[in-house]
Every structure is written in structure tokens, then in C-alpha cells.
Amino acid sequence: MDSRYSAADIESKWYARWEEDDAFAPKQGKKGPFTIVIPPPNITGALHMGHALNNTLQDVLIRFKRMQGYETLWQPGTDHAGIATQSVVELALQKEGKSKHDLGREKFVERVWAWKNEYGGRIVEQLKRLGCSCDWSRSRFTMDEGLSRAVREVFVQLHEQNLIYYGFRLVNWCPKLQTALADEEVENKESKGHFWSIRYPFEEDPSQGIVVSTTRPETMFGDLAVAVHPDDERYRGLIGKKVLIPIINRAIPVIADEYADPTKGTGAVKITPAHDFNDYEVGLRHKLKPIIALDLQAKLTVEAGPYAGLERFAARKKLVTELEERGQLVSVEDRVILIPTCYRSGDVVEPALMGQWYVKMDSLAQLALDCVEKGDTRFVPDRYVKTYRQWLEPKKDWCISRQLWWGHRIPVWLIKHKEDVVILEGRRGLILDNASHIAAQNQEEAENKLADVIANPRKYIDNPNLKSFAERCLKGNVSRADLHFVQEEDVLDTWFSSALWPFSTLGWPDKTPELETHYPTDVLITARDIIYFWVARMIFSGLKFMGKTPFHTVYIHGTILDEKGQRMSKSKGNGIDPIEMIDRFGADAVRFGLMTLTTEGQDIKLSPVKFEEARNFANKLWNAVRFVHPYLGADLGSWKKVDPKSLNLADRWILWRCKDLIERITNDLEPAELKFSRAAMDLYSFTWNYFCSQYLEIRKKDITGPDGPEKTAAVTVFAAVLRNVIALLHPFMPFITEEIRSHLGDKNPLITGSWPDPVRPGIPEFNADEMRIVEDLLDLVDAVRQIRGNYSLPPQKALKVVVNFDTQRKADFRKPHDYIVKELEHVESLDFGFELPKPSFSASSIIPGGKVYVSLEGILDPAAEKIRLGKELEKARSFVTAQEKKLQNGKFVQSAPVEVVEGEREKLHSQIDKVRKIEEALADLA
RNA sequence: GGACGAUUAGCUCAGUUGGUUAGAGUAUCACCUUGACAUGGUGGGGGUCACUGGUUCGAGUCCAGUAUCGUCCACCA
């Protein structure tokens, strides 16, 4: 074993070994299944710190449960990420000077598949470097055949229940990507903008006018009215009058509507139903027929007269200038405005009027709300229930169609008779609300359904999706040859397939054994920014199609920030690359560093220093093992040769500490707790302090010494504790622990080994008083070290130490264990007793139950010791004063619990005792 | 405008249901190349627990308010 633990070789070796052994696959056990589904990373993604954190958490949990003997499945896979992936491939095409239209849909999709096959697995390889123990043999992809079938099945079922419908209304449109977006895909970003006030002249008297304000003047060409509040005195007389839109001079009415807020702007507001969500509502109330002023490329339409064809922002600039020249611009105000932007492209989103597919949310949202309300799924931390509810409660319908080529093509076939005249209204006029269509798994099924409608139209007369077509069939001869019957061009929102992830990956809609065993899953671990996108949708989908919530616990971890507390992002260039960190410090260190930082959903300010600390910890453990390893002997520390009764107190003490550690770590990792950071820090301090700094030092001479019962005992206890430590540590640091285990000669790898049991047969019961003796002696060591430190006595200087205990009994009990002190401090002599004569000139210190003297004869000046004792006396006295005051307070003695009061009394007594002892020591010096 | 989170040592953070003289790591200073580890050892210094009130025998912890920072949501035209 090298003196430095070098991670790289060991990590790749063990990962390969685990894969060879098929260690990640679920193994049937007594304890039943435990299942986690991975939040599928995008195939375009590269591993960032957020992934590293998220997946380490999952791996810790799954390894813990696997070691406990559960039938664990960590279901992996990737997401096709419609927009992101399509964009990447489009960009690549662009570099070749081509567009996707040059290829056509079919070729383009082929091209994306080719890209996916080449690069889509990169993130999986990175997850493997991190040590993730997913069952890769079951890896799924949201667009593989099985999952696509699940998507179609869900679509068809929801459609049959009228929970999916086609709606013609305003949607969020991204001009850059040329697709609709769901509400959550629009981010409102603050930006400096302007608030322009424009005069619309009266038709009757153009010298006068009404002033409206807007942040988007170019939408003016789509105005249909100017609204004022019905109670607004200023405008009452104007209602019904007509005003002219500047430049184009189209007359529009002044209408009364409560939407107009008298306190905002001038109190008069322009109404542009085709380009503003509120105005759309106003337009419906007043039966205004929307005028589309911006086309889907965000260029002005013919409605804009001389501005037709101009891009929106260019038009805005020109328009403002022209209005100013004409004297129709009343004022300009700078203000910060919220601009809706596309979460993928960053382009400014425009509300646009068109048909799209929607999921009706009221009943589904209610399912999801009830589930969390009842506690069937709980959030950790629970405050995220609020976030979850906030999004679900409005029950706004979910726009699921995207005008992309990469994704699940919507399984709907549109029926158009050759005689139908299609009136285009904006884009997608092909199917309007009353158009007929059939949802089906595939072309064949669609044809069969269509044939049935033609044959039995009466059956479908009440079906809203087929009504008009059925009526036509009833009226006259309709034959298949008269029809255009083509599949919808659009694809589904990527999140539509992600929503099915917990059951589609397990084989649904087939009744597979995996689905039977592993659904519902147990814990979902994810980041808070996809509670809306993903978590809520998985919950209602699971409830709807499986009848059960997909997981009982949702653990939301914090966001990784840089050292300044800013989000890491590519554009800022402030990211810390996990792979680079793994190269520098090792995967175990990266994992452990992240785990010590992640507490209850708090955001994490990350610096590489954390990984360095964890690396040092790994090295510490490595060296402890390296030191003891040669002495383990042929049986490598097996218990067989040791009579548990022969163990000394230090042995029993570390075993006792170890038992306590096992209990705490086990408890912390249970899904009910999920205290990852506390567990990691506990392991750190146990290993470093109790195990290395104390136990190992105490037993060092026995371990390296001659063969015999002492050596056997020490080596055995060390090995036993070590075996527990590496097992407990394995979920956090899988590689180094596995490597250490192999040096202990254990055949079975840790990954599938058993989790430590705090109840160990054969070890005598731990006696609290005895354990207390060790703690006291360790305190004594600290006291001596303090004296050494205070007087700068070099470590190699052997000291004469005398300890006077309060009673002879105490001294007698401790005497047999004085090796604990002797091994930890360099002493020439160590005398335990009661009323022993103190050394003539000595430094002293108070320890629990006694007083320690360190002879300074010939070493130091008495004056210095006087000063030190003086300081300590002052401290002790002021504590006594405070404590007496507390206990003289009748209310405290009356109201506080008896044991608290008793505790305080005891403290007072021990401090009084301490004061007395210090005073004595001072007197001795004089 | 609403909701939520944070504020404790120079830095990063713990601090369970109120109950020691508030802890850890790191940084810093001093000493130590002692036969696992200098990615190490020992010791020291360093905090009015953001602020103001309140409840209580007792508050870092509970309540009310204030400030600063951050996140999410929301149509301010």
C-alpha cells in the first residue's frame, strides 16, 4: 500500500469489477424492494455539480439499502430533451450550411438519432466515474420503443376521457424556436424597458385624444379598443366614442371594462386581444374579433400598414421615433419591466393565437393535491409542499403540443374531407374546434377506428371529436378515398413522457414483474426547480394510471452555488466541473465533500477546498489501514482467537463508540430521516478522532509489538472497528472502502455485503461507568497537553505527572487503565493516588474528579504558572457567581424540571471545587 | 404585490422538542520532519448568535416587528 491514496486506478478497477459481478442488479432478499428512479439527464447534458450532488445522494441511499439486504433497483435512463437536442443538431447542420428543412423531417430525425447514439451516452459515462450504482442493464430512454408506447397509451386514454383536447387560444410562442411553450417554460426576466404614453386621437376631433400607455407599442396595430373603467369619471363621457390608431388611422371604440385600472398609467388601456393574455379575455367579453399584428416570426403583418414585414423590435424603434415626430408620443418613462423569455432559447416569448393540444388539469391536479394532503407523498423539507400546491391549485390546462420534429409525434389522425375548405387563421387553421380526429396507438389502429366511424356513424354522434364527421357520414356516402387522413405533425412536450417515468421505465402498460415489484418506488431525489415540470406531473400520472403515488418521499436538495453565492452557469463561467474535481481529488472525495455540505435543502456554496478536505480524510483512513495492515497476520484480524473477556478498556471503549456510530448512521440514512450531512460528519469525526487519534495511538505499541494476547486483541479490535467503518462509509466513499476491504482479505465486495448490525454477539455489555473512566482519562490527557502547550514544552520532553483523585477508590479504579494516558502523552512517570504529595514545583490543572500536577522542576519559572492559574481562577469564580445567582432564583428552582435543577447544582459544586483546587495550587506556588 | 429561505468565529456551516461557559472543518499563530499519514501531530487566539421588542426562572432556539441578501410565484397595461 502506498503512503498516499491514489484514487484514479482504484476507482476504475472497482467500477469494472462491480459491473462484472452484476452488483447493481436487484437481488431478491428478505427485506423486499427498495426503488429509486433517476431524474433522467438530458442526452445533451454534461455532468455538472448539480448532477453530481443529486446522483451522489441517490447512490448513497441505494447503496445503503442494498447493503441492508433490500431488493434495490436504481432505475437509470436518459431524456430525449426535445428542444435542447433538436437545437444541438440544428446548430450542427447550420455549420454545414444546411437547415432542417433541407433534410426534411424524416432525414432530420434520423440525424438526431445518429447524434444521440454517438453523444447521448456521455453523461452516463460521467455518472459511472462518480460511482453511481444504477442498474445500467435496464437503462431506458424516453423515446425508446417501450416508453413511446406508454406515451401513446396515456395519450389515447386521456383523449378518450376528454382530458386531452384541442384548443384555439393564446399560447406562449417562442419565435426563435418556432414552437409553443407551456406556462412554466416561460421565465419572467427583469429588464430595463420603457413605458411609452401615446395619444390616440378622437375620430370626430383629431386635435384631441385619449392617452394610453404601453411597454410594447408595436402591438398597437392589433388594437381593437381602448378600455376605461366604467366608474372612472375622467372617461365616462368618452365611452362609445371612436379613436384612431396612429399611423394606420383605424378607428376603434372606447369601451368600459373593469379590467382597466384607474390607478395605473392614464387609466385608459389599449386592448390587443391577439397579443396579450388579459386583453384576450377583455376581447372575449366584448366580442372583439382579434386582429393579428405580429406573425409567428415576430414580424409585423399587413395590419401594420407601412410597418408590415418589419421585425418587432426594429418596428418598435421606428414607431416610437415616428410617433414622436408626429407629436403623438406624450411621454417616455424608463422602468424595469418583466419580460417573458423562453427557458431554452432565451428569446422573448410572444402570446400568439393558435390551436394547440392541452391536458385538462382540474381532475388530475386534484388527485395530486389530495395525495400530498393525505400524506401519501411527503416532501423533505416539507416547506416545498407549498411550492407544489401553489402551482397545482390554479389547475391551468397544460399545453402539450410542440412544433418540433424531435419527440413523440402526437398520436392523432386528422380527418379532412376533400371538399372541406380550410380557412387559415394564423397558423394551424387546419383543425378548428369542431374538426374531427382520431387518437390511436398507430396508423393501423387509426384506420380501423376510422372505418368503424364510417360504418357506424350513429355511434359517434355524441363524441365531440368526431361529431361533425359522423354527421357528414350520416348525410351521405362518405368513402375512405374521399378523405385526407393524416397524422398530426406536432410532437409532445418532453415532460409528457418524463411524467410517466416511474412506471413507463418498469414496462407499463404491460404487467411486468418489475412493475409489480418496484412500483411504487420509494424516494425521489431531485432539485426544486423541477417540482412543477416533473414531480407534480409524475404524481398525478402515477395516481391516474397506476392508482398509486409513484413515491412516498420527495427529497428536494439545495442548489449548488459558487463561492460568492451565485448560481453556477456556463455563461458566467463560474462552474466547478465535477469531472475535473474527480481527476484532482478522486470520486470518493467529491462525493464525500458534497455529502458533508448538503443539509435540509439548503443551497450550497461550493469551493474546491471541500473536496480537498474530503481527500485528506480518505488519505487519513488509508494510512491508518496501511499502518496496521502488516500486523493483521494470516487471519487478518478474525475474532476467532480472541476471548472477548480479554479485551482491555480501550478496546471496549472503541467498540462501544462504534456501536453508537452504527446506530446513528443507520438511523440518519433511513428515508424517514435522510440526514446525509450529519451522517457524513459523524463518520469523519469518529474515524479521525476516536479511531485514529485516540484508539490507534493507545494501542499502537501493542499492535507493533511482539506476538501475544495484547497484540491479538488490539489487532482484532482494530480490524473489527475498521470493518464496520468501511461498511458505514461505503455508501459515501464506495471506491476506497472497497479497496480497503480487499486488503482485509474479505472475498465478497462491500457493495453487496451486509450493513453493520449494532448488536454484536460475543462482545460484553458496555458499562457506562467504565466508559466514563476512559472519557475521564482522555480529559486528563488533554489537561497534560494543555500544560505542555502553555509552557511550550517540547513533545519529546518526558514529564513527571501526579494525579490526585477525590477518593482513593477513584484512583484505584483508574490505575489499571493508566496506559491510556501513557500512550497518548510522553511521561516519565505517572502516579495515580489520593492525597499524594505534589511535586515541589509544578503546573496543575483540574480534571473531572481530581487534580493533575505536572512537575516543572528545572523547566520553568513559577511566576508564569501563577499568571496562568490566576486567569483560570478568575474564570471559575465568575462562573460560580453566575451559577449561584441562578440557583438562588426561587422561580428557577420552582419551575425548572428537577433534573435540570439538580444538574445545575452539580455544576455549581464542581466549580466551587475547582475554585478551591486552583486556590490550593496557587498557595502551593507561593 | 405574495410566498419561502438565509443572517452564528476571517471563510463554509452544524446547533434536534428552550436547559453547560455556543460547536466542527478550514484559515490564522506557535511548537513539532516522534517508527501510518506534513493530504500529518499538539496547543493557542478568534463569536453582543443581523437588529429591536416580547414570552419565560432561563432564548442562538419560541412570538412580533425591522434590516440586508437570495429564490420562487404574480397581468401592472
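No hydrogens, no waters, no symmetry mates; every other heavy atom, side chains included, goes into these values.
- Checking the phosphate oxygens (OP1, OP2) of B:rG44, a side-chain nitrogen or oxygen of A:Q786 falls inside 4.0 Å.
- In this model, no side-chain donor or acceptor of A:R785 finds a partner on the base of B:rU42 within 3.5 Å.
- Here, B:rA67 and B:rA50 have their C1' atoms 8 Å apart, quoted to the whole Å.
- The residue A:D261 sits close to a base: some heavy atom pair falls under 4.0 Å.
- For B:rC32 and B:rG23, the P atoms lie 30 Å apart once the distance is rounded to whole Å.
- The interatomic distance linking A:Y5 (OH) with B:rA36 (P) rounds to 22 Å, in whole Å.
- The nearest whole Å value for the distance from the CG atom in A:L778 to the P atom in B:rU42 is 12 Å.
- Taking the side chain of A:R615 as heavy atoms from C-beta on, and the options B:rC73, B:rU39, B:rU16, the nearest nucleotide is B:rU39.
- Taking the six-membered ring where tryptophan is involved, the planes of A:Y532 and A:W391 are essentially parallel, since the angle between them stays under 30° and well short of 60°.
- Pairing for B:rU61 is absent, judged as Watson-Crick or G-U wobble with the two contacts each under 3.5 Å.
- Checked against the 6.0 Å centroid criterion, the rings of A:F732 and A:F617 do not qualify as a close aromatic pair.
- Within the 3.5 Å criterion, the main-chain N or O of A:E825 finds no donor-acceptor partner in the side chain of A:R788.
- At a threshold of 4.0 angstrom between heavy atoms, the contacts of A:T215 are confined to the sugar-phosphate backbone, with no base atom among them.
- Residue A:L621 is out of contact with every strand shown, counting any heavy-atom pair closer than 4.0 Å.
- In this entry the distance linking CD1 of A:I740 with P of B:rA36 reads 17 Å, nearest Å.
- A:A618 comes within 4.0 angstrom of nothing in the nucleic acid, heavy atoms only.
- Pairing of B:rU26, defined by two Watson-Crick or G-U wobble distances under 3.5 Å, is identified with B:rG10.
- Salt-bridge formation is detected for the pair A:D183/A:K396: a Lys NZ or Arg NE/NH1/NH2 atom is positioned less than 4.0 Å from an Asp or Glu carboxylate oxygen.
- Rounding to whole angstrom units, CZ of residue A:R626 and P of B:rA38 are separated by 8 Å.
- Side chain of A:D223 to backbone of A:A225: no donor-acceptor contact under 3.5 angstrom is found.
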What is the per-nucleotide protein-contact pattern of nucleotides 17-33 of chain B, from the 5' end, where B denotes a base atom under 4.0 Å from a protein heavy atom, S denotes such proximity for sugar-phosphate atoms only, and - denotes neither? --BSB---SS-----S-
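- Between the CG atom of A:L606 and the C1' atom of B:rC11 there is a distance of 14 Å, given to the nearest Å.
- Between the C1' atom of B:rU42 and the CG atom of A:L824 lies a distance of 12 Å, rounded to the nearest Å.
- A:R335 comes within contact range of the sugar-phosphate backbone alone, with a heavy-atom separation under 4.0 Å but no base atom that close.
- For B:rA36, the base has a donor-acceptor partner in the side chain of A:E697 [N/O atoms by modelled type, under 3.5 angstrom].
- Here the options are A:E185, A:E187, A:E184, the test is side-chain hydrogen bond (donor to acceptor under 3.5 Å, both in side chains), and the partner is A:Y343; only A:E185 passes.
- Remark: A:E258 CD is loosely packed, at most 12 non-hydrogen atoms of other residues, nucleotides or ligands lying under 6.0 Å away.
- Residue A:R788 places no side-chain atom within donor-acceptor reach of the base of B:rU42, judged by atom type and a 3.5 Å distance cut-off alone.
- A salt bridge links A:D603 with A:R528; the closest basic N to acidic carboxylate O contact falls under 4.0 Å.
- Between A:K675 and the phosphate of B:rA14, there is no side-chain N or O to OP1/OP2 separation shorter than 4.0 Å.
- Base pairing of B:rU48 is not made with any nucleotide, judged by Watson-Crick or G-U wobble geometry with both donor-acceptor distances under 3.5 Å.
- Checking B:rA36, B:rA77, B:rA14 against the side-chain heavy atoms of A:Q602 singles out B:rA14 as nearest.
- Residue A:Q390 contributes atom CD, which lies 7 Å from atom C1' of B:rC72 at whole-angstrom precision.
- Residue A:R567 places none of its side-chain N or O atoms closer than 4.0 Å to OP1 or OP2 of B:rU71.
- If you take atom C1' in B:rU55 and the same atom in B:rC62, they sit 8 Å apart, rounded to whole Å.
- In this structure, A:V625 and A:K605 both approach RNA chain B, and ranking their closest nucleotides by distance from the 5' end singles out A:K605.
- Nucleotides B:rC76 and B:rG19 place their P atoms 45 Å apart, quoted to the nearest Å.
- Of the candidates B:rC37, B:rA77, B:rC75, the closest approach to any side-chain atom of A:D276 belongs to B:rA77.
- Proximity of the aromatic rings of A:Y690 and A:Y695 is defined here by a centroid distance below 6.0 angstrom, and this criterion is not met.
- Using a 4.0 Å heavy-atom criterion, one finds that A:R4 contacts the bases of the nucleic acid, with or without backbone contacts as well.
- When the P atom is used for both B:rA22 and B:rG44, the distance is 16 Å, rounded to whole Å.
- Side chain of A:S677 to main chain of A:T596: a donor-acceptor pair is present (N/O by atom type, distance under 3.5 Å, no hydrogens or angles).
- B:rG5 atom C1' lies 8 Å from atom CZ of A:R528, rounded to whole Å.
- Side-chain rings of A:F691 and A:F718 approach one another, their centers coming within less than 6.0 Å.
- In this structure, A:L696 reaches the bases: a heavy-atom distance under 4.0 Å links it to at least one base atom across the strands shown.
- Between the C1' atoms of B:rG25 and B:rG15, the separation comes to 15 Å (whole Å).
- Contact check, A:T599 against B:rA14: a side-chain N or O comes under 4.0 Å of OP1 or OP2.
- Here A:K386 does not reach the OP1 or OP2 of B:rA3: none of its side-chain N or O atoms lies under 4.0 Å away.
- A:F718 comes within 4.0 angstrom of nothing in the nucleic acid, heavy atoms only.
- Rounded to a whole angstrom, the distance from the C1' atom of B:rU21 to that of B:rC63 is 27 Å.
- Under the Watson-Crick or G-U wobble criterion, with both distances below 3.5 Å, B:rA38 has no partner in any strand shown.
- The nucleotide B:rA74 finds no pairing partner, because no Watson-Crick or G-U wobble arrangement with both distances shorter than 3.5 Å includes it.
- Heavy atoms of A:G593 sit nowhere under 4.0 angstrom from any nucleic acid atom.
- B:rA74 and B:rU17 are spaced 37 Å apart, taking the C1' atom of each and rounding to whole Å.
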